[in-house]
Amino acid sequence: MPLSAVDAISPAFEHARQQLVRPFRASQWAKLGLVGLLAGEMGSGGGGCNPSSFQMPTRPHNSQHLFAALPTANPMLYASLIAVLVIAGFMLLVLFLYVNSVMRFVLFDSVVAKECRIWHSWSRRQGPGRRFFIWQIVLAVASIVGLTILVGIPAGFAFLVGWLRNPKEHMIPLILGGMALFFVLLLFVVVQLLVHVMTKDFVVPQMALEEIGAIEGWRRLWPRIKSELGGYAAYIGMKIVMAIGAAILLGVVSAIVILLFLIPIGGLSAVAVIGGMAAGLTWNLYTITLAVVAGTIAIFTLLYVISLISVPAVVFFPAYSIYFFASRYPALDALLHPAPPPPMPPPPPADPPPLLPTPEPIG
């Protein structure tokens, strides 16, 4: 009988407990933190700091700031820097999306086997990872096109009828149209999120076990959803509730860790800036690149630390979806609950001892 959304919680919790603390292995925890971060399974918050200026050592009748060299530098230098950053950012985004696609299957293998072997899973999951990578690109393009159409058509209509040229004279249709557009966009975003969640929870296992694409996985999943709409709706609702609870709990812990992390990082940054000012450094292509690289390393380190805190959620939520879906997907259930090996056949009967020769009669 298929597990309900509530019944799947207990085995998923027990699964996570056995994998993480029975026994506790720091190396497994560290690997799962990295996999969870790259697979996008943990929630992360971003932070920033306000830019500030520091005064350079002064000379008589002249003051110099750290950014004083920026306006007088060659504009082509900054155009080249911006172009390099844009291209590098796009390439890093594509690279991360590919890594994320393969790591989704690495996480699936790690949870099912209760053993995280990154390189082994990475090597054997390149095929499904590439198919999932293409699916994510197609979904992202579809989202951009959909948002462009949903926003562009109403905006074009409002411009053609003159509402945008004289907005004060058309406040009522603009307000009503804006409210309608808001709810349409909200529905569009919710549908996109549902597709994303259902794909990684229910389509990825099919892609991993049957070597099919995401579209074929959805073609097989959709009849299951239609035949048990209430069960899948309850799953989504229960997952939202548990995700909110986990986000609150982990958010408090992560906030404390972020504060503790930013104190030494802020101190090192201040020392680096003051040291650079004392050495007469100014912002140029090299110092800006160095600052970007250092900031990227610091951000990734912070996210990894948060991912380590989130490892219980990184394991529990995939396990929850696996146990819920396994009771509806025989191939996954067979992987999760392998059949016991057949009993060994009884040993053949031993050969009877050889008969002694009959003694010859005497006389």
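For reference, positions follow the sequence shown, starting with 1. If you're wondering where the values come from, they're calculated on a predicted model, not measured in any experiment.
Within the 4.5 Å cutoff, the side chain of V311 has heavy atoms near those of the L20 side chain. Contact annotation: the side chain of F108 approaches that of L332 to within less than 4.5 Å [non-hydrogen atoms, C-beta and beyond].
A salt bridge does not link K31 with E115: every distance from a Lys NZ or Arg NE/NH1/NH2 to an Asp or Glu carboxylate oxygen is 4.0 Å or more. The pair E216-R220 counts as a salt bridge, with a side-chain nitrogen and a carboxylate oxygen less than 4.0 angstrom apart.
For the pair Q19 (side chain) and S110 (backbone), a donor-acceptor distance under 3.5 Å is present. Remark: side-chain polar atoms of R124 are not paired, donor with acceptor, to backbone N or O of H120 under 3.5 angstrom. A donor-acceptor contact shorter than 3.5 Å links the side chain of N100 to the backbone of L38. Judged by distance alone, with hydrogens and angles left aside, the side-chain atoms of Y304 form a donor-acceptor pair with the main-chain N or O of A30 at under 3.5 Å. S121 contributes no side-chain N or O that, together with a main-chain N or O of I118, makes up a donor-acceptor pair within less than 3.5 Å. At distances below 3.5 Å, at least one donor-acceptor pair connects side-chain atoms of R328 with backbone N or O atoms of L3. Of the possible polar contacts, none joining the H196 side chain to the L139 backbone as a donor-acceptor pair under 3.5 Å is found. A side-chain donor-acceptor contact under 3.5 Å links Q28 to the backbone of C116.
The aromatic rings of F325 and F202 are tilted relative to each other, their planes meeting at an angle between 30° and 60°. Using cut-offs of 30° and 60° for the angle between ring planes, the W122 and Y98 rings count as perpendicular.
Among pairs with a residue in residues 237-259, none fulfils ring pair (Phe, Tyr, Trp, His ring centres under 6.0 Å), at least two apart in sequence or across chains.
Of the N and O atoms on the side chains of Y323 and D7, not one donor lies less than 3.5 Å from an acceptor on the other residue.
To the nearest 0.5 angstrom, K239 atom NZ is 3.0 Å from D201 atom CG.
No more than 12 heavy atoms of other residues, nucleotides or ligands lie within 6.0 Å of CD1 in I215, so this atom counts as exposed by the packing criterion.
Residues that satisfy the ring-ring contact (aromatic ring centres under 6.0 Å, His included) test with F316, not counting sequence neighbours, are absent from this structure.
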Please step through ring pair (Phe, Tyr, Trp, His ring centres under 6.0 Å) for the pair Y235 and Y320, ending with a clear verdict.
-> CA-CA 10 Å; Y235 168 84; Y320 177 63; 5.2 Å; yes
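Both I137 and V204 are assigned to one and the same hydrophobic cluster, defined by single-linkage of ILVMFWY side chains at heavy-atom distances under 4.5 Å.
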